[in-house]
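A short worksheet on the structure shown next.
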Amino acid sequence: MKYKIEKNTVQETLILPLYSRKLCTELYPNLYQDETAVHLIDQIDYDFSEAEKNSRSLMQRFGALEVAMRQNDLTFEVQAYLKTHPCAAVVNLGCGLDNTGRACDNGRCKIYNLDFPDVIALRQQLLPAGEREQNIPCDLKDPAWFDKIDASGGAVFFASGVFYYFLTEQVWELVRGMADAFPGGVLVFDAANRTAVKMIAKTWLKTAKIKDVGAYFAVSDAKSELSPWDSRLQISNRGYMLGYSDLKDPSVSCFFRFLARVGDSGMKMQIVKIGFGGRA
């Protein structure tokens, strides 16, 4: 049985990231593997013809490389935290149909996947929670979900492509709330500067309730811009295209490596890591 995804629904927004992860696996097999995405595409009843057509374009292929690097980087940071906190909570914020938490499973950690109720409803059908795993329906902006996370062994939170759709004030409130609730925990996520966020926003800002793109979360210098939020925050960042990999695999062209440098340096595409110190 295939699960039908209707057009113009929240669930449809999960399709493009999922397809991109499948495309990454096919185009850059030495750099990235997501067999879950490949499997799920076969389980979904959806017209992928437009996505398949777009996948032949140069920029779509580079976009797939961006997705691959972002997911690899976040996986690296989660696994690094688990080395010192093997029983930690691994929390995927805005999970969609991403399976990174399970890919990082060390056999001891607790895995939580958080997203809106209709997204989690679909996830429960396609990716039902496994051992030591929970799929939690919630609004990330409502801190009620904090109480559902067992952080007794530590907690590492990660968000992929999520905070571009948050207002800066909303990210500030979330980070401060998490610092209160999860001392000793870590949050990692991708971010970019104002220019990049404007490019990302052009496809959805027309229908957003807030028309000022300047209100949305963007970062150029993470340490200097975010440190004033709270004295407990320990902030670092690395370029997410070349900060973790040299991209010298034969599958990556010289032109794509050039674009990667532009992304990291010009657009400030980065992985931001925030450590939560002790309680204030």
Side-chain angles (χ1 to χ4, degrees), residues 1-25 32-48 51 67 70-71 74-75 78-79 82 87-153 155-166 174 178 181-182 185 187-190 204:
M1 174 183 175
K2 288 198 172 187
Y3 295 92
K4 187 173 181 61
I5 302 295
E6 301 291 343
K7 290 281 188 180
N8 302 315
T9 63
V10 171
Q11 291 183 345
E12 187 186 21
T13 64
L14 309 179
I15 295 300
L16 286 181
L18 183 67
Y19 189 84
S20 292
R21 294 195 294 274
K22 171 185 176 287
L23 188 61
C24 296
T25 300
Y32 182 79
Q33 288 288 319
D34 189 339
E35 295 305 324
T36 298
V38 174
H39 173 72
L40 288 183
I41 291 293
D42 290 336
Q43 304 301 309
I44 292 173
D45 179 5
Y46 181 81
D47 182 5
F48 289 100
V67 170
R70 179 173 70 189
Q71 296 306 121
L74 294 173
T75 296
V78 171
Q79 292 175 333
L82 287 175
C87 298
V90 175
V91 188
N92 190 343
L93 304 175
C95 60
L97 294 174
D98 172 52
N99 214 20
T100 298
R102 202 176 296 179
C104 294
D105 188 5
N106 62 0
R108 299 172 65 187
C109 64
K110 298 172 288 289
I111 301 168
Y112 299 89
N113 303 299
L114 279 58
D115 215 317
F116 290 117
D118 48 356
V119 174
I120 292 297
L122 178 63
R123 185 181 179 94
Q124 292 282 44
Q125 296 182 67
L126 295 172
L127 286 172
E131 184 183 5
R132 291 173 287 100
E133 184 176 14
Q134 293 184 47
N135 294 332
I136 299 176
C138 67
D139 181 344
L140 295 178
K141 301 181 188 75
D142 181 350
W145 63 263
F146 290 0
D147 293 334
K148 299 180 181 179
I149 307 300
D150 177 4
S152 57
V156 54
F157 304 84
F158 64 98
S160 177
V162 171
F163 291 152
Y164 304 110
Y165 307 100
F166 279 48
L174 178 62
M178 292 174 69
F182 306 106
L187 168 65
V188 290
F189 58 91
D190 57 304
W204 55 268

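Leu122 has its side chain within reach of Ile5: a pair of non-hydrogen atoms, C-beta onward, lies under 4.5 Å apart. The closest side-chain heavy-atom distance from Tyr164 to Asp190 is below 4.5 Å. Annotation: side chain of Phe48 is in contact with side chain of Ile15 (closest heavy-atom distance under 4.5 Å). With a 4.5 Å cut-off on side-chain heavy atoms, Asn113 and Ile136 do not count as touching.
Residue Ala155 comes nearest to Ala88 through the heavy atom pair N-CB, 4.0 Å, listed as atom of the first residue, atom of the second, then distance. Heavy-atom minimum distance, Arg70 versus Gly161: NH1-CA, 3.6 Å. Between Ala129 and Gln124 the shortest heavy-atom distance is N-OE1, 3.9 Å. Nearest heavy-atom pair across Leu16 and Ala51 is CD2-CB, 4.5 Å. Heavy-atom minimum distance, Ser20 versus Val67: CB-CG2, 4.0 Å. Counting all heavy atoms, side chain and backbone alike, Cys104 lies closest to Thr75 at SG-CG2, 3.6 Å.
Listed for the Arg123 side chain is a donor-acceptor partner under 3.5 Å among the backbone atoms of Gly96.
Screening residues 34-43 for salt bridge (Lys or Arg N to Asp or Glu O under 4.0 Å) gives Arg21-Asp34 as the qualifying pairs, with residues at least two apart or on separate chains.
Atom CD1 of residue Ile149 and atom CZ of residue Phe182 lie 6.0 Å apart, to the nearest 0.5 angstrom. To the nearest 0.5 Å, atom CG of residue Asn99 and atom CD of residue Glu133 are 6.5 Å apart. Rounding to the nearest 0.5 angstrom, the gap separating the NZ atom in Lys110 from the CG atom in Asp150 is 4.5 Å. The CG atom of Leu126 lies 5.5 Å from the CG atom of Leu40; values are rounded to the nearest 0.5 Å. How far CH2 of Trp145 is from CG of Leu174: 6.0 Å, rounded to the nearest 0.5 Å. Atom-to-atom distance recorded for Tyr46:OH and Leu18:CG is 11.0 Å, nearest 0.5 angstrom.
For Asp147, there are no side chain to side chain donor-acceptor pair (under 3.5 Å) partners, not counting sequence neighbours. Pro137 is linked by a side chain to side chain contact (heavy atoms under 4.5 Å, CB included) to Pro117, Ile120, counting only residues two or more places apart in sequence or in another chain. Among residues two or more places apart in sequence or in another chain, the salt bridge (Lys or Arg N to Asp or Glu O under 4.0 Å) test is passed with Asp115 by none. Applying the side chain to side chain donor-acceptor pair (under 3.5 Å) test to Tyr19 and every residue at least two apart in sequence or in another chain returns nothing. Considering only residues two or more places apart in sequence or on other chains, Ala159 meets the side chain to side chain contact (heavy atoms under 4.5 Å, CB included) condition with Leu93, Val162, Phe163, Phe189. Listed by chain and number, the residues in a side chain to side chain donor-acceptor pair (under 3.5 Å) with Gln134 amount to none (sequence neighbours excluded). Not counting sequence neighbours, the partners of Arg132 by the side chain to side chain contact (heavy atoms under 4.5 Å, CB included) test are Asp105, Cys109. By the side chain to side chain contact (heavy atoms under 4.5 Å, CB included) test, Asp45 pairs with Lys2, Lys4, sequence neighbours left out. Scored by the side chain to side chain donor-acceptor pair (under 3.5 Å) test, Thr100 finds Gln71, Asp98 as partners (sequence neighbours excluded).
Results of the side-chain contact (heavy atoms from CB on, under 4.5 Å) test with Val156 over Val91, Leu187, Val78, Leu74 single out Val78 as the only residue that passes.
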With side chain to side chain contact (heavy atoms under 4.5 Å, CB included) as the test, would you mind laying out the steps for Phe166 and Leu140 before giving the verdict?
CA-CA 10 Å; Phe166 279 48; Leu140 295 178; 4.2 Å; yes

Could you please spell out the steps behind the side chain to side chain contact (heavy atoms under 4.5 Å, CB included) verdict for Leu97 and Thr36?
CA-CA 9 Å; Leu97 294 174; Thr36 298; over 6 Å; no

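Neither side chain, Tyr112 nor Asn135, offers a donor N or O lying under 3.5 Å from an acceptor on the other.
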